[in-house]
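Report on one structure; see the data block that follows.
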Protein chains: 2
Amino acid sequence: MIRNNEELVEPNALDRVTWALRRAELAVQALKEQRLRPLGLAASHYTLLMSVHSDPGLTGAELARRLNVTPQAVASLVARLESRGQLERREHPRHRHVQELHLTDAGREVLRAADKVIAGIELQITGGLGPQESAQLRGLLDRVAETVRED
Amino acid sequence: MIRNNEELVEPNALDRVTWALRRAELAVQALKEQRLRPLGLAASHYTLLMSVHSDPGLTGAELARRLNVTPQAVASLVARLESRGQLERREHPRHRHVQELHLTDAGREVLRAADKVIAGIELQITGGLGPQESAQLRGLLDRVAETVRED
DNA sequence: TCACGACCATCAAGTGTTTGACAGTGCTCC
DNA sequence: GGAGCACTGTCAAACACTTGATGGTCGTGA
């Protein structure tokens, strides 16, 4: 009896680490999106605001590199957040053509609320895993990212 | 001296498990996309072909549910793969309006090549981690997905 | 028998993102 | 000082996906 699944491709193709990784990330991202919606924020908005908060004065291009998206995508998000008064574009002190990104007070406010939501999800996960295994998971994930990045 | 980063949001907002998860998934996905490109396949194409291979005769709607996308997205992918002769739409034996999805020989061939690529990435990761930690990581990721899904 | 409901597939419109191309600005080396 | 270069920001077109809505097909129960 020939089992086709085990002939054509690797036998354990369905329970690979990369699949588990994808499923987990997809589920977490979906939950983030769902809980952030009442705040009028998409997960990408939160990520952008958090990045700017972490490194004020960031440029759009640099931000694009960190978030693994194109500068246009960043520009689109920035335009939306700016129109809401949550983000501010200032002229770079040296390069006149470059513009720094800064949070406004409203931006800080919505980020604070959003981060409480995200922290809640984080707590839900780490609570289910326990502190030791959480740290372990974080370490393993970092090593995976490091391993894959070298190429 | 007041450190703004530690006032506004959680202090360790940057090294959360969810961030590490996102970074790792992003890196892996980017690598998949990069190495699949020479085959003319996107990662989503590979995922779809693999799903159909795993469960032949799948319908578009069922596939959409499994991949967490809308039926339209599936239809778009299916149309492309069908135009390349890698996928086949057959009439459902009972429901005449429903169509089953099956791989063609060309589809099996390209899937075999693609899976070798993916298996290589998997090996690269598990090789860097070792068998024990790989299994550990997979278990932890599954638990995360499970924890998050319940809501 | 036949109306009702569930499900599948598809069309149309809107949104978000990428790809490709282009102009503006500051730095560096000749 | 000026040419070349690297980098930033933006525009236009193409692409992928979602939301909303429509028509087709089967099974169920009055």
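Predicted, not measured: the structure shown is a model, and the values here were computed from it. To find a chain, count down the sequence lines: A is the first, B the second, and so on, and within it residues start at 1.
Per the geometry, CG belonging to B:L58 stands 13 Å off C1' belonging to C:dC8, to the nearest Å. Taking atom CD of A:E91 as the reference point, atom P of C:dG24 lies 16 Å away to the nearest angstrom. In this structure, the CD atom of B:E82 is 13 Å from the P atom of C:dA9, given to the nearest Å. For the pair A:L26 CG and D:dC17 P, the computed distance is 13 Å after rounding to whole Å. Rounded to an integer number of Å, the gap from NE2 of B:H95 to C1' of C:dG5 is 14 Å. In this structure, A:L67 atom CG and C:dG16 atom P are separated by 16 Å, rounded to whole Å. With rounding to whole Å, A:R96 atom CZ is found 12 Å from C:dG24 atom P. Between the NE2 atom of B:H92 and the P atom of D:dC26 there is a distance of 11 Å, rounded to whole Å.
Between A:T70 and C:dT18 there is a side-chain polar atom (N or O) within less than 4.0 angstrom of OP1 or OP2. For the OP1/OP2 pair of C:dT10 and a distance below 4.0 Å, the side-chain nitrogens and oxygens of B:R89 include at least one atom meeting the criterion.
Nearest-nucleotide assignment on DNA chain C puts the 5′-proximal partner with A:P71, out of A:P71 and A:R94. Two residues, A:H97 and A:A73, neighbour DNA chain C, and the one matched to the more 5' nucleotide by heavy-atom proximity is A:A73.
B:Q99 comes within contact range of the sugar-phosphate backbone alone, with a heavy-atom separation under 4.0 Å but no base atom that close. Counting any heavy atom pair closer than 4.0 Å across all strands shown, A:T59 reaches sugar-phosphate atoms only and no base atom.
The structure places CD of A:Q99 at 11.0 Å from NE2 of A:H92, a figure rounded to the nearest 0.5 Å. Here the straight-line distance linking atom CG of A:L41 with atom CZ of A:R35 works out to 15.5 Å at 0.5 Å rounding.
Atom CZ of B:R37 has 12 or fewer heavy atoms from other residues, nucleotides or ligands within 6.0 Å.
With hydrogens and angles ignored, the 3.5 Å screen pairs no side-chain donor or acceptor of A:T126 with any backbone N or O of A:S134. A:S76 contributes no side-chain N or O that, together with a main-chain N or O of A:Q72, makes up a donor-acceptor pair within less than 3.5 Å.
In the interface, the side chain of A:Q72 is not paired with the base of C:dG16 through any donor and acceptor atom under 3.5 Å apart.
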